[in-house]
Peer 1: 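Below are the structure tokens for one structure; questions will follow.
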Amino acid sequence: MRQARQATIEFSLKWNSGRAAHADRLLIPEIDFRRDSFPGSMEQKLPQMQSGEQVEETFSPGELVEPWKPSDLRKIPLGTFNSHYNNLRLTPHMGRFYPVALIAGATGHDHGDMRPFRVVEVGDETLTVDLNHPLSQYPLTVRATLLEPFTGTEQRGGGCQDIAVMLTQKGPGMQARNGEGPAYDFPLARADDKEDSLFYAMPRMVDHIDRKAVEILKSIHARYVKPGSRVLDLMTSWTSHLDMAGGEVAITGIGMNQQELDANPLLNDRLLQDLNKTPLLPFDDDSFDVVLCSLSVEYLISPRAVFAEVRRVLKPGGLFLNSFSERWFPTKAVTLWTEMHPFERIGMVLDHYIATRFDDLQTESVRGHFRPDDDKYRGMSPFSDPLYVVAGRKS
């Protein structure tokens, strides 16, 4: 067999919804330059690049995904929404996304089609749906960073990877909502509505993401947490996901278990507080440069009260950064969160920022990295836990 030039490349899909700037990062290993399909002129540029080099190209709306069509904004009978699809109990809600398979009988799509459609309006007898791709109306920029070029055996008869499809078809676009977004009811319900102090009475020194995801999250935090910063780590535990030497920053941690807080070596101050019971923060206005909430926003039953408090205690220009993944304590996450597509959750958190008047809004997703070989979940999936980040500043 002939030798083929191959590479591991991280692609970043960048776009702006008008409310926020979005970056969706996807690592794709074993790309074959002879076989795979690349967006735009990248097919010519990428094979000439060296490790660490980047190429970027911008595409007009409708170039990388199906163009927006007014005919894909449709009104269908409400009864054609299959609320028992796959034995689930689903109710259409304005602004939410669902797989096209749920309305295949009314739209002529395949019953296994999992592409998303958005519910625009719910009437007494009809449902207005938008079947257009969530990215169809946005200019899209693709950045490719060559991480690891190598020479491998050319594949015979293997499938062609369409990079544009891989970047755009698994959720990007669902972060952006119509107008102000759907009106969620607060407080949000959970399977276990007993006081959180009972659940967190015993320390849980566990990781909710694997080591590779921790490494990526630390690198994201490092962009914003600079030496000399005063940091508030909300809903924290035994780790703050920061690579900082002692004394570089002043970190105050708020958590639910004293033993977990005591085990966190980065914390200068430790406070026990149940934000679901008492969302008011015991700090003066304009106290912190950065507020972090790592892997915990899904547990808040009155998130906008907490977000408003965070904005109050941030200094002007200060940053609030939320990160989350796809693992959590099932009974303590709000039920709506567990029903959503991961990229919808980004939109839900973004709504909280918009409602509480944060500016310079940004979202980021990181997917496709490999889970460490010795990780206990490696047998279930070779891929590292995906990360989703939403950030905003106090103006």
Side-chain angles (χ1 to χ4, degrees), residues 20 22 171 174-175 177 181-182 184-192 196 199-200 204 206-209 213-214 216-217 220-221 224 231-237 239-242 253-256 260 273-281 288 290-314 318-358 361-366 385-394:
H22 309 274
M174 296 169 72
Q175 303 99 313
R177 297 194 176 278
Y184 295 114
D185 293 325
F186 296 103
L188 295 167
R190 300 180 294 177
D192 178 2
D196 288 341
F199 184 83
Y200 294 101
R204 289 176 169 83
V206 298
D207 287 307
H208 287 288
I209 50 176
V214 169
I216 295 169
L217 182 55
I220 293 172
H221 285 169
Y224 305 104
V231 178
L232 175 60
D233 191 0
L234 283 183
M235 305 174 77
T236 191
S237 179
T239 179
S240 288
H241 302 101
L242 286 167
I254 291 181
M256 288 291 295
E260 293 177 10
Q273 183 171 337
D274 181 353
L275 294 178
N276 282 333
K277 189 174 182 180
T278 308
L280 297 179
L281 297 174
F288 295 95
V290 179
V291 177
L292 303 176
C293 184
S294 303
L295 313 171
S296 296
V297 68
E298 60 267 31
Y299 303 120
L300 289 174
I301 59 175
S302 298
R304 294 186 181 179
V306 175
F307 276 54
E309 275 293 283
V310 168
R311 188 179 182 281
R312 179 184 66 79
V313 303
L314 272 174
L319 184 93
F320 181 28
L321 188 147
N322 276 274
S323 59
F324 45 94
S325 187
E326 296 178 14
R327 283 196 270 165
W328 48 75
F329 296 127
T331 62
K332 280 300 180 182
V334 296
T335 303
L336 180 60
W337 184 273
T338 67
E339 296 172 350
M340 285 181 158
H341 185 283
F343 280 78
E344 268 194 293
R345 297 176 190 133
I346 300 176
M348 180 180 178
V349 176
L350 195 56
D351 277 352
H352 302 331
Y353 280 88
I354 293 169
T356 50
R357 300 183 295 114
F358 280 87
L361 302 177
Q362 304 170 47
T363 80
E364 183 172 357
S365 61
V366 186
D385 294 305
L387 279 174
Y388 309 98
V389 174
V390 187
R393 292 188 182 275
K394 176 178 178 177

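When reading the values below, keep in mind they use all heavy atoms of this one structure, side chains included, and skip hydrogens, waters and symmetry mates. Just so we're clear, the structure is a prediction, and the values are computed from it rather than from any experiment.
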Peer 1: Excluding sequence neighbours, so at least two apart, what forms ring pair (Phe, Tyr, Trp, His ring centres under 6.0 Å) with Y224?
Peer 2: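 With neighbours one apart ignored, the set is empty.
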Peer 1: What are the two closest non-hydrogen atoms of L361 and G392, and how far apart are they?
Peer 2: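 Shortest heavy-atom separation between L361 and G392 comes out as CD2-CA, 3.8 Å.
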Peer 1: Output the distance between atom OG1 (T356) and atom CZ (R311), rounded to the nearest 0.5 Å.
Peer 2: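 That separation rounds to 8.0 Å.
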Peer 1: Would you say that H352 contacts L300 through its side chain, given a criterion of any heavy-atom pair below 4.5 Å between the two side chains?
Peer 2: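 In short, these two side chains do not touch, never coming nearer than 4.5 Å.
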Peer 1: Let me confirm one number: the CG-OG1 distance from D207 to T239, rounded to the nearest 0.5 Å.
Peer 2: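 Here the interatomic distance stands at 7.5 Å.
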Peer 1: Tell me if the centroids of the rings in F329 and H208 come within less than 6.0 Å of each other.
Peer 2: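 Judged by ring-centre distance (under 6.0 Å), F329 and H208 do meet the cut-off.
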Peer 1: So do P303 and M348 actually touch side chain to side chain, heavy atoms under 4.5 Å?
Peer 2: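 The answer is no; the side chains never approach within 4.5 Å.
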Peer 1: Who pairs with N322 by side chain to side chain donor-acceptor pair (under 3.5 Å), at least two apart in sequence or on another chain?
Peer 2: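 Per chain and number, N322 pairs via side chain to side chain donor-acceptor pair (under 3.5 Å) with Y353.
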Peer 1: Among residues two or more places apart or on two chains, list those pairs meeting side chain to side chain donor-acceptor pair (under 3.5 Å) that have a residue in residues 330-343.
Peer 2: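 For residues 330-343: D196-K332.
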Peer 1: Mind checking what makes side-chain contact (heavy atoms from CB on, under 4.5 Å) contact with V214, not counting sequence neighbours?
Peer 2: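 With sequence neighbours excluded, V214 shows a side-chain contact (heavy atoms from CB on, under 4.5 Å) to I209, K218, H241, given in chain and number order.
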Peer 1: Given L350 and H22, is the side-chain contact (heavy atoms from CB on, under 4.5 Å) satisfied, shown in steps?
Peer 2: CA-CA 11 Å; L350 195 56; H22 309 274; 4.0 Å; yes
Peer 1: Are L242 and D233 side-chain neighbours, meaning at least one heavy-atom pair lies under 4.5 Å?
Peer 2: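 A side-chain contact is absent here, since even the closest heavy-atom pair is not under 4.5 Å.
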Peer 1: Quick one: list whatever passes salt bridge (Lys or Arg N to Asp or Glu O under 4.0 Å) with R393, sequence neighbours left out.
Peer 2: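 Listed in chain order: D360.
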Peer 1: Check side chain to side chain donor-acceptor pair (under 3.5 Å) between E309 and all other residues, then give those that pass, not counting sequence neighbours.
Peer 2: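 Side chain to side chain donor-acceptor pair (under 3.5 Å) list for E309, sorted by chain: R312.
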Peer 1: Decide yes or no for I216 and I220: does some side-chain heavy atom of the first lie under 4.5 Å from some side-chain heavy atom of the second?
Peer 2: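 Contact flag for I216/I220 side chains = yes.
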Peer 1: Suppose we screen for side chain to side chain donor-acceptor pair (under 3.5 Å). Which residues come up paired with S296, at least two apart in sequence or across chains?
Peer 2: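 Partners of S296 under the side chain to side chain donor-acceptor pair (under 3.5 Å) test: none.
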Peer 1: Among residues at least two apart in sequence or on other chains, which ones pass side chain to side chain donor-acceptor pair (under 3.5 Å) with S325?
Peer 2: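 S325: no side chain to side chain donor-acceptor pair (under 3.5 Å) contacts found.
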Peer 1: On a heavy-atom basis, which atom in P279 and which in V306 lie closest, and how many Å separate them?
Peer 2: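 So the minimum-distance heavy-atom pair works out to CB-CG2, 3.9 Å.
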Peer 1: Closer than 3.5 angstrom, by distance alone: can the side chain of R190 be matched with the main-chain N or O of I301 as a donor-acceptor pair?
Peer 2: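 Not confirmed, R190 side chain does not pair with I301 backbone.
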Peer 1: Tell me every residue that passes side-chain contact (heavy atoms from CB on, under 4.5 Å) with V291, counting only those two or more places apart in sequence or in another chain.
Peer 2: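 L232, L234, F288, V310, L314, F320.
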Peer 1: Do any pairs count as a salt bridge (charged side-chain N to carboxylate O under 4.0 Å, His left out) and have a residue in residues 318-328, sequence neighbours left out, and if so which ones?
Peer 2: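 Qualifying pairs: R327-D385.
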Peer 1: Between R304 and A355 (side chain of the first, backbone of the second, donor and acceptor by atom type, cut-off under 3.5 Å), is there such a pair?
Peer 2: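 Here the side-chain-to-backbone pair does not exist.
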Peer 1: For P342 and Y388, work out which heavy atoms get closest and say how close.
Peer 2: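 Scanning both residues completely, I find the closest heavy atoms to be CB-OH, 3.4 Å.
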Peer 1: Kindly give the heavy-atom pair with the smallest separation between V389 and S323, and that separation in Å.
Peer 2: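 Closest approach of V389 to S323: CG2-CB, 4.1 Å.
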Peer 1: Are any of the side-chain heavy atoms of L281 and L275 separated by less than 4.5 Å?
Peer 2: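 Side chain of L281 against side chain of L275, heavy atoms only: contact under 4.5 Å found.
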Peer 1: To the nearest 0.5 Å, what is the distance between CD on E344 and CG on D351?
Peer 2: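 Output value for this atom pair is 10.5 Å.
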Peer 1: What's the shortest heavy-atom distance between E298 and L295, and which atoms?
Peer 2: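 The answer is OE2-O, 3.6 Å.
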Peer 1: Roughly how far, to the nearest 0.5 Å, is SG of C293 from CZ of F307?
Peer 2: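 Going from the CZ atom of F307 to the SG atom of C293 covers 7.0 Å.
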